[in-house]
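Each residue takes its place number in the sequence, starting with 1.
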Amino acid sequence: MKKQLLKCALTTVASIALFATSALALSNEYPLIQPTNLETAPSYTPGEDFGFYIWTNDDARTSWSVRWSGNGSDTFFSGHVYLENSTFDSFSLVSWDYGQVYIYYEDDDTKFFGSRTSVAEDGFDFTITNTGASSNVVFDLFVNDRTADPSKIYLGGLNQTSEALGGTNRFTIAAPVPEPATMLLFGTGLIGLAGLARRRKTEK
């Protein structure tokens with residue numbers, strides 16, 4: 001009995017370690033950037049402060065907002081959002097300029113978008129459902145069909161730019177996964193329980 005319990009605990013720990021390692025692995029080639037204060041919207045004035053603005057609406061990072069603002073000139077903003085190990089739970093368009101954001105292609109984990117923006121802002125909101133151990137949101141952003149300036153891509157309430165965080169117009173942001181340290185701590189607790197059970201068995 002005690003051997004079975006110990007074996008079960010060790011197997012569980014090994015599985016957790018493997019899970020924690022996979023949580024750190026990225027299948028996408030775009031750089032992983034880690035903005036802080038992502039749960040607060042960037043500060044900007046629509047129609048004046050040019051660029052993309054991205055933030056989440058909850059600590060769990062399941063609800064996201066993306067906006068782009070013109071500065072008076074006719075500009076075509078476009079790009080795609082791709083989910084790794086997640087699917088779109090909801091997706092809604094937001095537009096205050098020419099009145100329409102176009103979705104050129106979409107499926108359960110990919111959205112290609114575009115809109116012309118001048119003196120206001122356009123964008124979209126979406127929520128995601130995690131379907132795997134490691135969940136990420138990948139952005140690929142363009143302005144007038146050219147690579148977006150990463151210094152004009154703002155992430156979170158500190159107005160951090162993709163450029164400052166080591167990203168380009170193509171970057172990945174981690175959606176929430178169980179922290180490896182937490183999972184390993186849980187595994188260590190299981191080992192402790194197995195040891196306690198063994199000790200009690202020995203005392204009897």
*Of all the heavy-atom pairs spanning Ala174 and Asn136, show the shortest one and how long it is.*
CA-OD1, 3.4 Å
*Indicate if Tyr82 and Ile173 have the same hydrophobic cluster label, given that clusters are the connected sets of ILVMFWY residues with side-chain heavy-atom separations under 4.5 angstrom.*
no
*For side-chain contact (heavy atoms from CB on, under 4.5 Å), just list the numbers for Leu83 and Val137, CA-CA rounded to whole Å, side-chain angles, deciding distance to a tenth of an Å, and then say yes or no.*
CA-CA 5 Å; Leu83 305 180; Val137 182; 4.0 Å; yes
*Identify, with sequence neighbours excluded, every residue that meets side-chain contact (heavy atoms from CB on, under 4.5 Å) alongside Thr40.*
Asn37
*Do Trp68 and Ser115 come close enough that some side-chain heavy atom pair is under 4.5 Å?*
yes
Indicate every side-chain donor-acceptor pair of residues 157-166 with a distance under 3.5 Å to a residue at least two apart or in another chain.
| residue | atom | partner | partner atom | Å |
| --- | --- | --- | --- | --- |
| Asn159 | OD1 | Ser43 | N | 3.0 |
| Asn159 | ND2 | Ser43 | O | 3.1 |
| Gln160 | OE1 | Thr36 | N | 3.0 |
| Gln160 | OE1 | Thr36 | OG1 | 3.1 |
| Gln160 | NE2 | Thr36 | O | 2.6 |
| Gln160 | NE2 | Leu155 | O | 2.8 |
| Thr161 | OG1 | Ala164 | N | 3.0 |
| Ser162 | OG | Thr168 | N | 3.4 |
| Ser162 | OG | Thr168 | O | 2.5 |

*Taking a hydrophobic cluster as the set of Ile, Leu, Val, Met, Phe, Trp and Tyr residues connected by side-chain heavy atoms closer than 4.5 Å, whether directly or through intermediates, do Leu93 and Phe126 fall within one such cluster?*
yes
_Under the side-chain contact (heavy atoms from CB on, under 4.5 Å) test, residues paired with Val119 that sit two or more places apart_ = Asp97
*Are Ser135 and Ser86 linked by a side-chain donor-acceptor pair shorter than 3.5 Å?*
yes
*Side-chain heavy atoms under 4.5 angstrom apart, residues restricted to Ile, Leu, Val, Met, Phe, Trp, Tyr: same cluster for Val138 and Leu141?*
no
*Quick one: salt bridge (Lys or Arg N to Asp or Glu O under 4.0 Å) pairs with a partner in residues 122-141, sequence neighbours left out?*
Arg67-Asp125, Asp140-Arg170
*Could you pull out all residues at least two apart from Phe171 that satisfy ring-ring contact (aromatic ring centres under 6.0 Å, His included)?*
Phe139
*Nearest atoms (heavy-atom pairs only) where Phe142 meets Gly79*: CD1-CA, 4.2 Å
*Taking a hydrophobic cluster as the set of Ile, Leu, Val, Met, Phe, Trp and Tyr residues connected by side-chain heavy atoms closer than 4.5 Å, whether directly or through intermediates, do Leu32 and Ile128 fall within one such cluster?*
no
*Where the side chain of Asn130 meets the backbone of Gly132, is there a donor-acceptor pair that is under 3.5 Å apart?*
yes
*Tyr98: side-chain contact (heavy atoms from CB on, under 4.5 Å) partners, not counting sequence neighbours*: Asp74, Arg116, Ser118
*By the rule that ILVMFWY residues connect when side-chain heavy atoms come within less than 4.5 angstrom, directly or transitively, which residues belong alongside Phe112?*
Phe76, Tyr102, Tyr104, Tyr105
*Do you know which two heavy atoms are closest between Asp107 and Phe88, and how far apart they sit?*
O-CD1, 4.0 Å
*Quick one: list whatever passes ring-ring contact (aromatic ring centres under 6.0 Å, His included) with Phe50, sequence neighbours left out.*
Phe77
*With ILVMFWY side chains joined below 4.5 Å, transitively, what does Tyr154's cluster contain besides itself?*
Tyr44, Tyr53, Trp55
*Locate the shortest heavy-atom distance separating Asp58 from Glu39; write the atom from each residue and the value.*
O-CG, 3.5 Å
*Who pairs with Thr45 by side-chain contact (heavy atoms from CB on, under 4.5 Å), at least two apart in sequence or on another chain?*
Glu48, Asp49
_Measuring only between side-chain heavy atoms, which start at C-beta, is Thr62 closer than 4.5 Å to Thr129?_
no
*Under the salt bridge (Lys or Arg N to Asp or Glu O under 4.0 Å) test, residues paired with Lys111 that sit two or more places apart*: Glu106
*asked:* Strictly distance-based, threshold 3.5 Å: is any side-chain N or O of Thr127 a donor or acceptor partner for the main-chain N or O of Ser90?
replied: yes
*Measure the OG-CZ distance between Ser92 and Phe124 for me, rounded to the nearest 0.5 Å.*
10.0 Å
*asked:* For the backbone of Thr87 and the side chain of Asp109, can you confirm whether one donor and one acceptor N or O come within less than 3.5 Å of each other?
replied: no
*Can you name the closest pair of heavy atoms from Pro150 and Gly167 and give their distance?*
CB-O, 4.0 Å
*Does a side chain donor of either Thr75 or Thr117 reach within less than 3.5 Å of an acceptor in the other side chain?*
no
*First locate atom CG of Leu38, then atom OG1 of Thr56, and finally report the distance between them rounded to the nearest 0.5 Å.*
4.0 Å
_Cluster companions of Trp96 among Ile, Leu, Val, Met, Phe, Trp, Tyr (side-chain spacing under 4.5 Å)_ = Val94
